[in-house]
Amino acid sequence: MDNIKLDKADKTILTNLEFNARIKEKELAQLCHLSKDSIRYRIKKLEEQGLILGYSAFIDYTKLGRLSYKLYLKIQGSEADWIKLRAFFDSHPAIFARFESQTDWNFGVVYFAKSLYEYYLFERDLFTKFGHIIQNIELCHMLDASVFEPRILLDKKGKTFDLFGEVKETKLDDIDTKLLEQLLKDSSQPLIKLADHIQLSPDATKKRIQRLEKEQVIRKYITKIDYPKLGFEVYKVFIFVKEYTEEVEKSIISKLSSYNNTRNIIRMVGPWKLEVEFMCSNYDELFEIMKELRATFSENITSLNYSIFRNDVYYPSKKVISS
């Protein structure tokens with residue numbers, strides 16, 4: 001790991017940018033007690049160092065009438081096969097995320113479909129093209145997710161926002177779709193540039209953004225940060241349970257929420273009930289968390305599996321599914 005050293009101002013900038021890529025330079029300047037020119041210089045430097053990898057947005061596909069289908073695949077193939085598989089997933093606007101790991105499965109993908117039959121057609125196409133390299137597949141559903149604004153660099157807890165959940169049918173017109181696709185490509189674009197792309201006035205563009213935020217189609221404006229360069233790894237923990245009452249669920253989620261390392265908590269329909277993403281500086285840190293969870297919920301947690309996430313990509317096609 002490169003372990004780039006940051007001062008407090010750099011940490012403050014990254015922490016606030018991660019889930020608000022459209023934050024004003026003036027606000028960052030006030031938080032860091034620096035000038036706007038200094039903030040602009042520091043952000044450019046963080047980009048040049050490869051710590052900031054890009055800017056995008058969290059679009060909630062459940063607000064466009066979709067349900068999630070989460071696939072975990074065991075792949076055995078050549079590098080050429082992997083390249084073709086990634087390209088296959090990246091061509092689908094309904095793909096929310098893809099990620100890779102080194103455990104019992106080594107490839108994961110989240111697909112959003114309006115119906116089970118629509119998902120079936122996608123899976124059939126997948127097996128038609130890649131069945132010869134797929135050794136195993138596990139299918140789950142994401143019920144909802146709590147995403148924690150990161151404060152690990154500043155060692156304090158951030159806010160939480162909800163993603164997915166109740167399905168709603170929000171209609172998008174062509175201009176909405178173009179606007180969302182621009183935000184997926186670069187959510188840090190100034191309003192005047194976004195307006196130019198969709199050929200509306202800045203005021204009309206701002207009103208569309210506000211409407212999409214109010215309808216929770218747009219949840220956050222995100223900044224992709226290369227945390228391994230800062231000495232962190234992202235771990236996913238899968239929690240298998242028994243005697244899983246509503247009270248037990250609330251208790252486990254409350255405990256998970258108490259860790260500064262926690263990035264998100266996903267309630268699942270499938271073999272495991274909770275997926276939790278932690279950011280830790282090493283495995284020993286994760287081990288202590290898992291040990292505490294086992295001790296605290298020894299009567300409820302049957303097993304904890306984990307994996308290290310690599311090469312995660314959100315909205316790889318940079319296209320928005322049609323409503």
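Side chains included, hydrogens not; waters and symmetry mates left out as well; all remaining heavy atoms used.
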Undergrad: Answer yes when K224 and D312 have at least one side-chain N-carboxylate O distance shorter than 4.0 Å, and no when they do not.
TA: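 Salt bridge flag = yes for D312 with K224.
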
Undergrad: Please evaluate residues I289 and T262 with respect to the criterion side-chain contact (heavy atoms from CB on, under 4.5 Å), reporting the C-alpha separation (whole Å), side-chain torsions for both, the decisive distance (0.1 Å), and the verdict.
TA: CA-CA 10 Å; I289 292 173; T262 305; over 6 Å; no

Undergrad: Flag the pair D7 / D10 as yes when at least one side-chain heavy-atom distance between them is below 4.5 Å, and no otherwise.
TA: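 Heavy-atom side-chain distance check passes, below 4.5 Å.
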
Undergrad: Group every Ile, Leu, Val, Met, Phe, Trp and Tyr by side-chain heavy-atom contacts under 4.5 Å, then state whether I266 and Y314 land in the same group.
TA: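 I266 clusters together with Y314.
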
Undergrad: Out of curiosity, L121 CG to S115 OG, how far, rounded to the nearest 0.5 Å?
TA: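 Output value for this atom pair is 7.5 Å.
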
Undergrad: Is any side-chain heavy atom of V276 closer than 4.5 Å to a side-chain heavy atom of I239?
TA: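 They are in contact (side-chain heavy atoms under 4.5 Å apart), so the answer is yes.
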
Undergrad: Are I321 and L71 in one and the same hydrophobic cluster, where Ile, Leu, Val, Met, Phe, Trp and Tyr link if side-chain heavy atoms are under 4.5 Å apart?
TA: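 I321 and L71: separate clusters.
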
Undergrad: Same hydrophobic cluster for L293 and F287, using side-chain heavy-atom links shorter than 4.5 Å among ILVMFWY?
TA: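 The answer is yes; both residues are in one hydrophobic cluster.
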
Undergrad: Between L274 and R267, is there a side-chain heavy-atom distance shorter than 4.5 Å?
TA: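 With C-beta onward as the side chain, the pair touches.
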
Undergrad: Between Y235 and I308, which heavy-atom pair has the shortest distance, and what is it?
TA: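 Y235 and I308 have their closest heavy atoms at CE2-CG1, 3.5 Å.
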
Undergrad: Test your reading of the model: is there a side-chain donor-acceptor pair from T12 to the backbone of K8, 3.5 Å cut-off?
TA: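 Flag set: sc T12 to bb K8 pair under 3.5 Å.
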
Undergrad: Is it the case that atom OH in Y120 sees more than 12 heavy atoms from other parts of the structure closer than 6.0 Å?
TA: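 Not buried by this count: 12 neighbours or fewer within 6.0 Å.
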
Undergrad: Specify the closest pair of heavy atoms between T170 and K63, including all atoms of both residues, with the distance to one decimal.
TA: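 Nearest heavy atoms, T170 then K63: OG1-O, 2.8 Å.
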
Undergrad: Going by heavy atoms in the side chains, are P271 and E138 under 4.5 Å from each other?
TA: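 Heavy-atom side-chain distance check passes, below 4.5 Å.
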
Undergrad: Per the ring pair (Phe, Tyr, Trp, His ring centres under 6.0 Å) rule, which among Y306, F232, F278 passes with Y283?
TA: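 The passing option is Y306.
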
Undergrad: Does one side chain, of Y221 or E213, offer a donor that lies under 3.5 Å from an acceptor on the other?
TA: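 Y221 vs E213: donor-acceptor pair found between side chains.
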
Undergrad: So does I301 get a backbone contact from the side chain of R294, meaning a donor-acceptor N/O pair under 3.5 Å?
TA: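 A pair under 3.5 Å: no.
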
Undergrad: Before accepting this row, confirm whether a basic side-chain N of the pair R86/E100 lies closer than 4.0 Å to the acidic partner's carboxylate O.
TA: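 E100 and R86: salt-bridged.
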
Undergrad: Go through it in stages, so that I can follow the logic: the residues are W272 and S303, the test is side-chain contact (heavy atoms from CB on, under 4.5 Å), and I'd like the CA-CA distance, side-chain angles, deciding distance and then a yes or no.
TA: CA-CA 9 Å; W272 51 89; S303 66; over 6 Å; no

Undergrad: Which one of Y111, F96, F112, F164 satisfies the ring pair (Phe, Tyr, Trp, His ring centres under 6.0 Å) criterion with Y61?
TA: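 Exactly one option meets the ring pair (Phe, Tyr, Trp, His ring centres under 6.0 Å) with Y61, and it is F112.
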
Undergrad: Does the side chain to side chain donor-acceptor pair (under 3.5 Å) test come out yes or no for D174 and T177, once each step is laid out?
TA: CA-CA 5 Å; D174 290 343; T177 300; 5.3 Å; no

Undergrad: Tell me every residue that passes ring-ring contact (aromatic ring centres under 6.0 Å, His included) with H141, counting only those two or more places apart in sequence or in another chain.
TA: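 ring-ring contact (aromatic ring centres under 6.0 Å, His included) check on H141 returns Y69.
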
Undergrad: For a 4.5 angstrom cut-off between non-hydrogen side-chain atoms, does L286 reach V237?
TA: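 A side-chain contact under 4.5 Å exists here.
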
Undergrad: Indicate yes or no: does K273 engage E249 in a salt bridge with an N to O separation below 4.0 Å.
TA: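 No, this pair does not count.
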
Undergrad: From L230 CG over to L51 CG, what is the distance, rounded to the nearest 0.5 angstrom?
TA: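 Rounded to the nearest 0.5 Å, the CG-CG separation comes to 5.0 Å.
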
Undergrad: Counting only N and O atoms by type, is there a donor-acceptor contact under 3.5 Å from the side chain of S254 to the main-chain atoms of K250?
TA: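 The answer is no, because no donor-acceptor pair under 3.5 Å joins these two groups.
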
Undergrad: From S187 OG over to Q182 CD, what is the distance, rounded to the nearest 0.5 angstrom?
TA: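 Reported value, rounded in 0.5 Å steps: 11.5 Å.
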
Undergrad: Decide, yes or no, whether a salt bridge links K291 with E288 under the criterion of side-chain N to carboxylate O below 4.0 Å.
TA: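 Judged by the 4.0 Å cut-off on N to carboxylate O distance, K291 and E288 do form a salt bridge.
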
Undergrad: Could you check K318, K319, R98 and say which one makes a salt bridge (charged side-chain N to carboxylate O under 4.0 Å, His left out) with D90?
TA: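 One option only clears the test, and that one is R98.
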
Undergrad: If you compare all heavy atoms of I222 against all heavy atoms of A57, which two are closest, and at what distance to 0.1 Å?
TA: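 Where I222 meets A57 most closely, the heavy atoms are CG1-N, 3.8 Å.
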
Undergrad: State the CG-CZ distance between N106 and F99, to the nearest 0.5 angstrom.
TA: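 Answer rounded to 0.5 Å: 11.5 Å.
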
Undergrad: Do the side chain of E285 and the main chain of S281 share a donor and acceptor less than 3.5 angstrom apart?
TA: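 Yes: the side chain of E285 pairs with the backbone of S281.
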
Undergrad: Parallel, tilted or perpendicular: which describes the rings of Y315 and F58, with under 30° parallel and over 60° perpendicular?
TA: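 Correct class here is perpendicular.
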
Undergrad: Could you check whether any side-chain N or O of N261 sits under 3.5 Å from a backbone N or O of M279, counting only pairs where one atom can act as donor and the other as acceptor?
TA: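 Yes, the answer is positive, given that a donor and an acceptor are paired below the 3.5 Å cut-off.
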
Undergrad: Could you check L34 against R42 for side-chain contact (heavy atoms from CB on, under 4.5 Å), going step by step and ending with a plain yes or no?
TA: CA-CA 10 Å; L34 295 171; R42 283 173 178 265; 3.5 Å; yes

Undergrad: Under a 4.0 Å N-O cut-off, is there an ion pair linking R211 with D176?
TA: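 Yes, R211 and D176 are salt-bridged.
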
Undergrad: Identify whether the distance between the nearest side-chain nitrogen and carboxylate oxygen of D125 and K129 falls below 4.0 Å.
TA: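 Salt bridge flag = yes for K129 with D125.
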
Undergrad: Pick out which of F89, Y72, F88 makes a ring pair (Phe, Tyr, Trp, His ring centres under 6.0 Å) with F107.
TA: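 Of the listed residues F89, Y72, F88, the ring pair (Phe, Tyr, Trp, His ring centres under 6.0 Å) partner of F107 is F89.
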
Undergrad: Any side-chain heavy-atom pair from D37 and R40 closer than 4.5 angstrom?
TA: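 In short, these two side chains touch, coming nearer than 4.5 Å.
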
Undergrad: Using the ring of each side chain (for Trp, its six-membered ring), is H132 parallel, tilted or perpendicular to F130, with breaks at 30° and 60°?
TA: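 Ring orientation of H132 relative to F130: parallel.
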
Undergrad: Checking side chain to side chain donor-acceptor pair (under 3.5 Å) against Y55, which of K185, Q189, E47 comes through?
TA: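 Only match with Y55 under side chain to side chain donor-acceptor pair (under 3.5 Å): E47.
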
Undergrad: Quick one: do L154 and I39 end up in the same hydrophobic cluster if we chain Ile, Leu, Val, Met, Phe, Trp and Tyr together by side-chain heavy atoms under 4.5 Å apart?
TA: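 Hydrophobic grouping puts L154 apart from I39.
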
Undergrad: Tell me, please, whether F297 has K255 positioned over its six-membered ring: NZ or CZ under 6.0 Å from the ring centre and within 45 degrees of its axis?
TA: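 The answer is no; the distance or angle limit is not met.
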
Undergrad: Quick one: are K236 and E275 in side-chain contact, heavy atoms under 4.5 Å?
TA: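 SC-SC contact between K236 and E275 confirmed.
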
Undergrad: Heavy atoms only: give me the nearest L53-G50 pair and the separation to one decimal.
TA: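 Taking every non-hydrogen atom into account, CD2-O, 3.2 Å.
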
Undergrad: Do K207 and L200 come close enough that some side-chain heavy atom pair is under 4.5 Å?
TA: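 Counting from C-beta outward, K207 and L200 never come under 4.5 Å.
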
Undergrad: Any idea which heavy atoms bring I225 and L14 closest together, and the distance?
TA: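 Taking every non-hydrogen atom into account, CD1-O, 3.6 Å.
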
Undergrad: With a sphere of 6.0 Å drawn around CD of E247, does it hold more than 12 non-hydrogen atoms of other residues, nucleotides or ligands?
TA: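 At most 12 heavy atoms, drawn from other residues, nucleotides or ligands, come within 6.0 Å of this atom.
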
Undergrad: Where do L179 and L212 land on the side-chain contact (heavy atoms from CB on, under 4.5 Å) test, with the steps shown first?
TA: CA-CA 10 Å; L179 175 58; L212 291 168; 4.2 Å; yes

Undergrad: Which value, rounded to the nearest 0.5 Å, describes the distance between I265 atom CD1 and E277 atom CD?
TA: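 Spacing of CD1 (I265) from CD (E277) equals 11.0 Å.
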
Undergrad: Which pair of heavy atoms, one from K11 and one from L153, lies closest together, and at what distance?
TA: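 Result for this residue pair: CD-O, 3.4 Å.
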
Undergrad: What distance do H197 atom NE2 and T205 atom OG1 have between them, rounded to the nearest 0.5 Å?
TA: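 It comes to 11.0 Å.
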
Undergrad: Can you tell whether the side chains of D196 and K193 come within less than 4.0 Å, N to carboxylate O?
TA: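 No, D196 and K193 are not salt-bridged.
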
Undergrad: Is E215 paired with K171 through a side-chain N to carboxylate O contact shorter than 4.0 Å?
TA: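 No, no charged N to carboxylate O under 4.0 Å.
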
Undergrad: With a 4.5 Å cut-off on side-chain heavy-atom distances among I, L, V, M, F, W and Y, is there a chain of contacts connecting L143 to Y244?
TA: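 Each belongs to a different hydrophobic cluster.
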
Undergrad: Let me see the working for K114 and E169 under salt bridge (charged side-chain N to carboxylate O under 4.0 Å, His left out), right down to the final yes or no.
TA: CA-CA 10 Å; K114 272 197 170 182; E169 192 75 46; 3.3 Å; yes

